[in-house]
Amino acid sequence: MKHIVIAIDGPAASGKGTLARRLAAAFNLPYLDTGLLYRVVARRVLDHCGDPSDAAMATRQALGLGRIDLERGDLRTPEVDLAASAVASIASVRAALLDFQRDFATSSGAVLDGRDIGTIVFPAADVKLFITATLDVRAERRFAERRAQKVATTLEAVRADLAARDEADRTRKAAPLRPAKDAHVLDTSTLDANRAFAAAADWVNQALAKR
Ligand code: C5P
């Protein structure tokens with residue numbers, strides 16, 4: 001039997017990670033947060049005192065990445081946010097990470113979230129979701145997370161960082177952020193996590209019923 005792949009894309013802090021984890025638990029699938037791959041590449045470049053826009057160095061780090069690297073505890077700092085966005089715009093870095101993402105789903109299917117899962121990584125995914133929310137709502141959410149982590153920042157700084165990363169993700173040449181033509185688009189600006197999950201689970205069940 002073919003294993004099910006659920007592709008979830010969307011901008012930062014749209015709620016896609018929370019939704020992806022819940023779908024993975026509900027449908028008994030492994031989950032991969034593909035943003036972590038770009039964060040690891042960025043972290044490894046910074047560890048070598050390199051420049052995240054150096055294509056040769058970033059690609060070398062992408063080719064050497066292993067599953068264990070995803071467990072590092074230093075991948076969600078503001079410095080890594082920026083560097084991840086820079087390495088993600090390099091086509092050879094993205095190409096080097098493709099096999100890792102595809103292999104992840106080989107044995108039992110998977111839920112993957114990112115920016116190009118439904119468009120590039122799994123264009124034939126069984127279910128494609130594009131999760132979005134207004135910049136103001138996303139900034140409030142990310143600011144609340146940062147405060148809970150006791151990171152000193154302001155709402156304005158968080159908002160500016162999200163806006164800059166979204167702009168870079170949407171306008172880059174390599175795999176720009178956009179919904180796949182056949183994606184279900186879900187705006188979570190006024191939806192809580194339970195309602196977002198209910199809508200997404202319906203789409204997954206419809207896809208399963210058609211197989
Ligand atoms: O999702 P997260 O914010 O952790 O991702 C970090 C960065 O990695 C994003 O800003 C984006 O530039 C990049 N990314 C990407 N493609 C993916 C996942 C993440 O370009 N599939």
Side-chain angles (χ1 to χ4, degrees), residues 5-21 24 30-46 52-53 55 58-59 61-62 65 69-105 110-123 125 128-133 135 137-139 141-146 149 151 153 157-180 183 188:
V5 173
I6 303 176
I8 307 184
D9 292 305
S14 56
K16 62 186 188 305
T18 305
L19 178 61
R21 265 185 289 275
Y31 165 54
L32 179 62
D33 169 359
T34 66
L36 285 181
L37 304 179
Y38 296 90
R39 289 176 178 275
V40 167
V41 174
R43 184 69 263 168
R44 288 166 61 120
V45 170
L46 296 172
S53 59
T59 306
Q61 299 308 325
L65 174 148
D69 295 312
L70 305 181
E71 287 162 27
R72 288 182 63 153
D74 53 1
L75 300 176
R76 296 202 180 274
T77 64
E79 186 192 21
V80 175
D81 285 354
L82 275 182
S85 180
V87 301
S89 71
I90 302 170
S92 53
V93 167
R94 307 196 71 85
L97 296 175
L98 271 180
D99 282 351
F100 185 102
Q101 296 172 83
R102 290 179 178 153
D103 290 350
F104 184 85
V111 179
L112 299 95
D113 76 24
R115 306 293 190 286
D116 62 341
I117 309 303
T119 50
I120 308 279
V121 183
F122 283 102
K128 297 182 188 177
L129 306 175
F130 191 87
I131 311 302
T132 181
L135 177 60
V137 167
R138 292 187 291 116
R141 287 178 188 158
R142 183 53 49 91
F143 181 56
E145 280 168 26
R146 293 282 190 253
Q149 296 161 340
V151 174
T153 187
V158 169
R159 193 177 192 283
D161 168 66
L162 288 181
R165 287 205 290 138
D166 288 353
E167 175 69 6
D169 288 344
R170 287 201 177 100
T171 57
R172 70 185 174 210
K173 281 208 184 87
L177 170 67
R178 60 179 172 77
T188 65

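Given the structure is predicted, the values throughout are model-derived calculations rather than measurements. Atom set for the values below is all heavy atoms of this structure, side chains included, hydrogens, waters and symmetry mates excluded. Every number for a ligand or one of its atoms is a count from 1 in the order of the listing. Numbers here are sequence positions counted from 1.
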Any side-chain heavy-atom pair of T59 and V41 under 4.5 Å: no
Separation between OG1 of T119 and CZ of R178, rounded to the nearest 0.5 Å: 5.5 Å
Distance in Å, R39 CZ paired with L70 CG, rounded so as to fall on 0.5 Å steps: 12.0 Å
Polar proximity ligand 1 side, D113 side, N/O cut 3.5 Å exclusive: no
Residue, atom name and distance, where the atom is the protein heavy atom closest to atom 12 (O) of ligand 1: D169 OD1, 2.6 Å
Intermediate values then yes/no, salt bridge (charged side-chain N to carboxylate O under 4.0 Å, His left out), D169 and R165: CA-CA 6 Å; D169 288 344; R165 287 205 290 138; 5.5 Å; no
Contact with ligand 1 for Q101, non-hydrogen, under 4.0 angstrom: no
Derivation and outcome, salt bridge (charged side-chain N to carboxylate O under 4.0 Å, His left out), residues D113 and R21: CA-CA 9 Å; D113 76 24; R21 265 185 289 275; over 6 Å; no
Closest candidate by heavy atom, reference atom 5 (O) of ligand 1, pool A12, G35, A13: G35
R142, portion touching ligand 1 at heavy-atom distance under 4.0 Å: neither
Top protein contact for atom 4 (O) of ligand 1, by heavy-atom distance: R39 NE, 2.7 Å
Expected output: side-chain R170 to main-chain L177 donor-acceptor under 3.5 Å: no
Any N/O pair Y38/ligand 1 closer than 3.5 Å: no
A88: numbered ligand 1 atoms lying under 4.0 Å from its heavy atoms: 12 (O), 13 (C), 20 (O)
Part of R115 within contact of ligand 1 (heavy atoms, under 4.0 Å): both
Close N or O approach (T34, ligand 1; < 3.5 Å): yes
Under 3.5 Å side-chain donor-acceptor pair for Y38 and R94: yes
For R94, atoms of ligand 1 separated by under 4.0 Å from a heavy atom: 15 (C), 16 (N), 17 (C), 20 (O)
R141 versus T18, side-chain donor and acceptor atoms under 3.5 Å: no
I6 side, atom CD1; K128 side, atom NZ - distance, nearest 0.5 Å: 13.5 Å
Atoms in ligand 1 with a heavy atom of S85 nearer than 4.0 Å: 12 (O)
Closest protein heavy atom to atom 3 (O) of ligand 1, given as residue, atom name and distance to 0.1 Å: R165 NH1, 3.0 Å
Any N or O of D81 closer than 3.5 Å to N or O of ligand 1: no
